[in-house]
Asker: 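Starting off with a structure, shown below.
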There are 2 protein chains.
Amino acid sequence: MKAEITTEEKIKVAAAKVFTKKGYAATKTRDIAEEANINIASLHYYYRSKEKLFQIVIGEALGTFSQIMDDIFCSELPLHEKIKEFVIQYIDFFSANPYLPIFIVSESQNNPDKINKILKNDQTIMNLRKELELLHEMKVIRQIQPAQFFLNLISLTAFPFLAKPLISKKMDLSDNDYVSILANRKKLIPDMMINFLYYEQP
Amino acid sequence: MKAEITTEEKIKVAAAKVFTKKGYAATKTRDIAEEANINIASLHYYYRSKEKLFQIVIGEALGTFSQIMDDIFCSELPLHEKIKEFVIQYIDFFSANPYLPIFIVSESQNNPDKINKILKNDQTIMNLRKELELLHEMKVIRQIQPAQFFLNLISLTAFPFLAKPLISKKMDLSDNDYVSILANRKKLIPDMMINFLYYEQP
DNA sequence: AAAATATTTAATCATTTGATTAAATAGATT
DNA sequence: AATCTATTTAATCAAATGATTAAATATTTT
C-alpha cells in the first residue's frame, strides 16, 4: 500500500494546484514547496526555476484542454452530436477543474508564444470548416464561419466558469444554484446552438 | 492649453492602465510610478498603499462595467432591443478596453467581497425576471431562467475578448480578422439570442 | 513678503522572494 | 562493508519590492 509518488511528481502536482488557483505572479515558490511538503531547494533541484516549472504546468493544462476538443471534432459523430459532446465534456471537465479556465485565459495573455506549439491542431479546424461548408451546401444548416461557430460554442460553455463569482453576486445565487444552472446548460447550450444552426432540428 | 490633470489623477490613470493589463500581483508600484512619471513616494502620499489604490481602480472598473447593463435593463426598450443594445455597447466598450474583461474576471476571483457593494443592482435583475415572465405568459418567448438568459448574453459577448489569444492561435486569425469577427457578432449574437427565445421573430 | 501648508524628491528600510551553496542523509554499486 | 551517486535539508545570498523618512521645492494663506 505504498504511495508510489516521487518527489518530482509531488512538486508538479502542487505547482499545478497553486499556479492554477493563484496565477503565476501571485504564486511564490515557497507556496508550492509548502503545498508539496518539500524543501524549497528540491523544487530547483528538479525543475531549475519557477518559470520552467510553470511552463510545464501550463503546457499540460493547455494540452489537456485542447485534447478534448480535438478528439471530438476529429471524431465521426454528426455535427449536432459533436456539439452535445463538446458541452457535456467541457462542463464536466471544468466542474472538476474550476480554476482551469481562468488560469488558461489569464496566462495565455502573457504567454502568447507558448500557446502556439500546443494549441494548434490544424486538423481540427480543417475538419470543422469542411463539415460546416458541406452541411450548408446540403441546405441542412445556415452559413457560418468556423470561428463564429466555435466562439459561440466555447463562449456559452466556458464563460459561466470564468464569471462564477460575478454572476453569483449579480444574480444572488448560491453554490448549489450555480451547480444546477451548469447542469441545465448541458441541454440548453446544444439546444440553442442547434436551434440557431439547423434549418430543421435534427 | 494647460493640461488640467493633477498628480493624484495621473497616478490613478496609470494604475488603472498597469493593473488592468498585468493584474494585481504582477504590477509593481514602480511600474505605476514610471507609467505616471511620478516619484514612487507620491503614490503612497496620495493613496497610502498599493492595495488601497487597487481597490479604487477595480471599484471604478466594476462600476463602469456594471453601469452599462444596469442602464440597459432598467430602460423602457423592448426585450429584443435591450439584447441588441447590450451586445453593441459591450462590444464597443470592450473593444476600447480590451484588458478589462480579463481583469475583472481574474481579480473578482480574489476579491469576492469587494464585488458585493458594486455589482448588486437588484432592480436590474428584478426587472429582467419580470420581463421574461411576462413575455412568456404572453406566449411571446419560451420559458427561461433569468440567470440562463443573462449567462447566454454575456458569455457570447464577453468571452471572445477574454479568449482572443487562444482563439486567434487555434483558428489562425490575424488581428484584423478578429476585429471583423467581433463586428459581425454585433448582429450574430442578437440573432442567435432572439432566434432561441422568441416563438416568432420580432 | 513672510509664514504656513502642500507636494515632490532622493535616499533608505525591512521583508519577501527566487535561487544557490554546502553539508547531511539516503540509496545504489562495487 | 566501502565507495560512489542521488536526494534532501538548513542556511544564506542578492535582487526586488512595498513602504517610509526627511529634506527640498512649490503653492497657498496671512
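Below, all heavy atoms of this structure are taken into account, side chains as well, without hydrogens, waters or symmetry copies. None of the values given here were measured: they were computed from a predicted structure.
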Asker: What contact category does Tyr45(A) fall into here, base, sugar-phosphate, or nothing, at under 4.0 angstrom with non-hydrogen atoms?
Answerer: base
Asker: Any donor-acceptor pair under 3.5 Å linking the side-chain atoms of Asp71(B) with those of Gln67(B)?
Answerer: yes
Asker: Rounded to the nearest 0.5 Å, how far does CZ of Arg129(A) lie from CG of Leu134(A)?
Answerer: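 Leu134(A) atom CG to Arg129(A) atom CZ measures 14.0 Å (nearest 0.5 Å).
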Asker: Roughly, in whole Å, what's the span from OH in Tyr47(B) to P in dG18(D)?
Answerer: 17 Å
Asker: Between the opening five pairs and the closing five pairs of the helix from dA1(C)-dT30(D) to dT30(C)-dA1(D), how far apart are the helix axes, to 10°?
Answerer: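 Angle reported: 10°, given to the nearest ten degrees.
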Asker: My understanding is that only one of Lys82(A), Glu85(A), Glu81(A) makes a side chain to side chain contact (heavy atoms under 4.5 Å, CB included) with Ser75(A); could you say which?
Answerer: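 Result for side chain to side chain contact (heavy atoms under 4.5 Å, CB included) with Ser75(A): Lys82(A).
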Asker: Taking the nucleotide of DNA chain C with the nearest heavy atom to each, does Tyr46(B) or Ile40(B) sit closer to the 5' end?
Answerer: Tyr46(B)
Asker: Establish, yes or no, whether the cationic atom of Lys50(B) lies under 6.0 Å from the six-membered ring centre of Tyr24(B) and within 45° of the ring axis.
Answerer: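 Flagged: Lys50(B) positioned over aromatic ring of Tyr24(B).
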Asker: Answer with yes or no whether the side chains of Ser108(A) and Lys169(B) bring together a donor and an acceptor at under 3.5 Å.
Answerer: no
Asker: What are the two closest heavy atoms between Phe94(B) and Pro101(B), and how far apart are they?
Answerer: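 Heavy-atom minimum between the residues: CD2-CG, 3.4 Å.
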Asker: Between Arg185(B) and Asp191(B) (salt bridge meaning N to carboxylate O under 4.0 Å), is one present in this structure?
Answerer: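 Between Asp191(B) and Arg185(B) there is no salt bridge, as every charged N stays at least 4.0 Å from the carboxylate O atoms.
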Asker: Assess the side chains of Asn127(B) and Thr124(B): does a donor N or O sit below 3.5 Å from an acceptor N or O?
Answerer: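 No donor-acceptor contact under 3.5 Å links the two side chains.
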Asker: For residues Asp92(A) and Ser95(A), is any side-chain donor paired with an opposing acceptor at under 3.5 Å?
Answerer: no
Asker: Measure from CD on Glu8(A) to C1' on dT7(D) and round the result to the nearest Å.
Answerer: 12 Å
Asker: Got a sec? Which of residues 28-37 of chain A come in under 4.0 Å of DNA chain D, heavy atoms?
Answerer: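 Per residue number, the list is empty: none.
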Asker: Taking heavy atoms of chain A and a 4.0 Å limit, find me the 5'-most and 3'-most nucleotide of DNA chain C within that range.
Answerer: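 The contacted stretch runs from dT17(C) to dT21(C).
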Asker: Counting only heavy atoms not in Tyr99(A) (residues, nucleotides, ligands), do more than 12 fall under 6.0 Å from its OH?
Answerer: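 For Tyr99(A), atom OH is not crowded (no more than 12 foreign heavy atoms under 6.0 Å).
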Asker: Without decimals, in angstroms, what is the distance between Gln55(B) CD and dG18(D) P?
Answerer: 15 Å
Asker: Using a 6.0 Å distance limit plus a 45 degree cone around the ring axis, check whether Arg142(A) lies over the aromatic ring of Phe196(A).
Answerer: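 Geometry flag: set, cation within 6.0 Å and 45°.
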